[in-house]
A.B. asks: 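Sharing a structure, written as structure tokens. Questions coming.
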Amino acid sequence: MLEMQNALYIVPTPIGNREDITVRACEVLKMADVICAEDTRHSLPLLESIGVKSPKLISFHDHNEAEKADRITAIIEEGNSVALISDAGTPMVSDPGYHLVAACVQKGIKVYPLPGPCAAITALCASGMPSDRFSFEGFLPVKEKALRDKLASLVTEERTMIFYEAPRRIFDTAKILAEVFGDRRVMVARELTKTFETKYYTTCDRLGEVLNEDPNVLKGEMVIVLAPYRKKDEDETITAEAKKMMELLSGELPPKKVCSLVAKMYDLRKNELYDYLLNHTDCQ
Ligand code: SAM
């Protein structure tokens with residue numbers, strides 16, 4: 001049986017699939033004296049579904065965060081346990097919570113972060129992009145100039161980049177991505193963990209066209225994962241002739257076979273060819 005402390009518990013919640021809440025997250029939410037929620041009405045159905053009865057809820061969002069942080073730290077100092085949740089995913093990842101945690105750290109209050117769902121990490125895992133180093137960039141600016149400046153500032157970023165984006169903005173963003181990054185690899189993940197989860201694997205200059213082929217593209221939520229800058233891009237070591245051969249063979253043979261044949265024919269690395277093939281398949 002979990003023993004709650006007078007502390008702040010950071011509790012991630014599902015980003016779409018209700019089953020993705022952890023056993024420990026359920027326990028903490030059931031036992032916490034107070035739950036701080038970004039939107040209390042939004043969180044009630046989830047809390048009810050995991051058996052949290054009549055929770056003591058405090059609303060906690062971007063506009064009242066700084067002011068509520070004092071009140072919540074006082075509640076913890078009076079001997080209570082407080083759980084923080086956001087509408088979906090991990091609090092503080094493009095969600096409120098930073099001021100509250102900073103206040104807890106400053107006052108010496110214990111903070112227990114629980115691991116759990118996060119759209120950025122979920123998308124990265126399926127992207128086929130390097131995951132040893134990555135940079136989470138949050139939401140992109142809305143205005144065209146600010147968006148172009150932001151993306152231009154990332155051209156030589158050597159880590160994989162992750163952005164959150166609203167579907168209604170994706171075509172504008174795709175246009176600027178194409179201008180700034182040309183044929184750099186990109187992956188867009190839509191509706192992760194949900195019934196209509198879709199991943200689009202392509203290059204920035206083809207993104208608009210690839211998305212346009214899906215009549216449902218404007219529905220749901222999205223993450224963009226952009227390949228890092230490479231001084232010598234791996235694709236460049238694969239000659240145009242080898243790429244053409246892969247394209248031809250792909251219609252006839254399974255990917256592994258294609259890569260092992262082309263690797264032998266052109267003296268290339270199988271893994272490199274496999275990465276190339278994966279990232280040039282448009283939709284999944
Ligand atoms: N705290 C959340 C997390 O841990 O991922 C993110 C909150 S942020 C306000 C919401 C954004 O996350 C959405 O606009 C979208 O970019 C991304 N997102 C959330 N759920 C998603 C999903 N199921 N599929 C794709 N993107 C998602």
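Both ligands and their constituent atoms are indexed starting at 1 by order of listing. On a predicted model such as this, the values are computed, not experimentally measured, just so you know.
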A.B. asks: Regarding Tyr112 and Gln5, do their side chains bring together a donor and an acceptor under 3.5 Å, going by distance alone?
C.D. replies: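 The criterion, which ignores hydrogens and geometry beyond distance, is satisfied for Gln5 and Tyr112.
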A.B. asks: Under 4.0 Å from a heavy atom of Thr90: which atoms of ligand 1 are those, numbered in the order shown and with their elements?
C.D. replies: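 Heavy-atom distances to Thr90 below 4.0 Å select 1 (N), 3 (C), 4 (O).
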A.B. asks: Show the atoms of ligand 1 that are less than 4.0 angstrom away from any heavy atom in Glu165.
C.D. replies: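 Answer for ligand 1: 16 (O).
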A.B. asks: Using distance alone, determine whether Cys118 and ligand 1 share an N or O pair under 3.5 Å.
C.D. replies: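 No.
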A.B. asks: Applying a heavy-atom cut-off of 4.0 Å, say which part of Lys194 lies close to ligand 1: side chain, backbone, both or neither.
C.D. replies: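 Under 4.0 Å from ligand 1, Lys194 contributes side-chain atoms alone.
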A.B. asks: Test Phe136 against Tyr164 for ring-ring contact (aromatic ring centres under 6.0 Å, His included), laying out the working first.
C.D. replies: CA-CA 9 Å; Phe136 174 64; Tyr164 283 163; 5.0 Å; yes
A.B. asks: I'd like to check whether Asp95 has a polar contact with ligand 1, where a contact means an N/O of the residue lying under 3.5 Å from an N/O of the ligand.
C.D. replies: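 So ligand 1 has an N or O lying under 3.5 Å from an N or O of Asp95.
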A.B. asks: When you compare ligand 1 with Gly89, is there at least one nitrogen or oxygen pair between them that comes in under 3.5 angstrom?
C.D. replies: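 For ligand 1, there is no N or O atom that lies under 3.5 Å from one belonging to Gly89.
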A.B. asks: Does the residue Ala119 have a heavy-atom contact with ligand 1, meaning some pair of atoms that are separated by less than 4.0 Å?
C.D. replies: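 Right, Ala119 reaches ligand 1.
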A.B. asks: List ligand 1 atoms under 4.0 Å from Val93, heavy atoms only on the residue side.
C.D. replies: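 Those qualifying, in numeric order: 1 (N), 2 (C), 4 (O), 6 (C), 7 (C).
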A.B. asks: Given Ile76 and Ser81, is the side-chain contact (heavy atoms from CB on, under 4.5 Å) satisfied, shown in steps?
C.D. replies: CA-CA 6 Å; Ile76 301 172; Ser81 55; over 6 Å; no
A.B. asks: Heavy-atom contact check, 4.0 Å cutoff: does Ala88 meet ligand 1?
C.D. replies: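 Ala88: in contact with ligand 1 (<4.0 Å).
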A.B. asks: Please determine if Glu209 and Arg206 form a salt bridge, counting it only when a charged side-chain N lies under 4.0 Å from a carboxylate O.
C.D. replies: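 Yes, this pair counts.
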A.B. asks: Nearest 0.5 Å, what's the CD1-CG distance between Ile10 and Leu100?
C.D. replies: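 Here the interatomic distance stands at 6.5 Å.
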A.B. asks: Indicate yes or no: does an N/O atom of Ala189 lie under 3.5 Å from an N/O atom of ligand 1?
C.D. replies: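 No, there is no polar N/O contact under 3.5 Å.
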A.B. asks: If you take the nearest heavy atom of each of Phe136, Tyr164, Phe163, Phe139, which one is closest to atom 14 (O) of ligand 1?
C.D. replies: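 The nearest heavy atom belongs to Phe139.
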A.B. asks: Relative to the heavy atoms of Ser94, which atoms of ligand 1 are at a distance of less than 4.0 Å?
C.D. replies: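 Matching atoms, with element in brackets: 7 (C), 8 (S), 9 (C).
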A.B. asks: Please report whether ligand 1 has a polar contact with Ser86, defined as an N or O pair separated by less than 3.5 Å (distance criterion only).
C.D. replies: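 No, Ser86 has no N/O under 3.5 Å of an N/O on ligand 1.
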A.B. asks: Check this for me: does any side-chain nitrogen of one of Lys199 and Glu197 sit under 4.0 Å from a carboxylate oxygen of the other?
C.D. replies: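 Yes.
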A.B. asks: Heavy-atom contacts under 4.0 Å between Leu192 and ligand 1: side chain, backbone, both, or neither?
C.D. replies: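 Within the 4.0 Å criterion, Leu192 contacts ligand 1 through backbone and side-chain atoms alike.
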A.B. asks: Check Glu197 against ligand 1 and report side chain, backbone, both or neither, counting heavy atoms closer than 4.0 Å.
C.D. replies: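 None of Glu197 does.
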A.B. asks: Under 3.5 Å between any N/O of Glu221 and any N/O of ligand 1: does that happen in this structure?
C.D. replies: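 Yes - when backbone and side-chain N and O of Glu221 are compared with those of ligand 1, one distance drops under 3.5 Å.
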A.B. asks: Hey, is Arg148 close enough to Glu144 for a salt bridge, meaning N to O under 4.0 Å?
C.D. replies: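 Salt bridge flag = yes for Glu144 with Arg148.
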A.B. asks: Just by distance, no angles: are the side chains of Thr156 and Glu158 close enough, under 3.5 Å, to form a donor-acceptor pair?
C.D. replies: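 No, because no side-chain N or O of Thr156 sits under 3.5 Å from a partner of the opposite role on Glu158.
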A.B. asks: Verify salt bridge (charged side-chain N to carboxylate O under 4.0 Å, His left out) between Lys194 and Glu221, making sure each step is shown before the conclusion.
C.D. replies: CA-CA 10 Å; Lys194 304 185 197 175; Glu221 299 184 283; 3.4 Å; yes
A.B. asks: Heavy-atom contact under 4.0 Å between Val223 and ligand 1?
C.D. replies: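 The answer is yes, since Val223 has a heavy atom less than 4.0 Å from ligand 1.
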A.B. asks: Mind checking salt bridge (charged side-chain N to carboxylate O under 4.0 Å, His left out) for Lys107 and listing every partner two or more places apart, or none if nothing turns up?
C.D. replies: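 For Lys107, the residues satisfying salt bridge (charged side-chain N to carboxylate O under 4.0 Å, His left out) (neighbours in sequence not counted) are Asp70.
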A.B. asks: Identify whether the distance between the nearest side-chain nitrogen and carboxylate oxygen of Asp205 and Arg184 falls below 4.0 Å.
C.D. replies: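 A salt bridge is absent here (no side-chain N lies under 4.0 Å from a carboxylate O).
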A.B. asks: Does an N or O anywhere in Met222 fall below 3.5 Å from an N or O of ligand 1?
C.D. replies: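 N/O-N/O distance below 3.5 Å exists for this pair.
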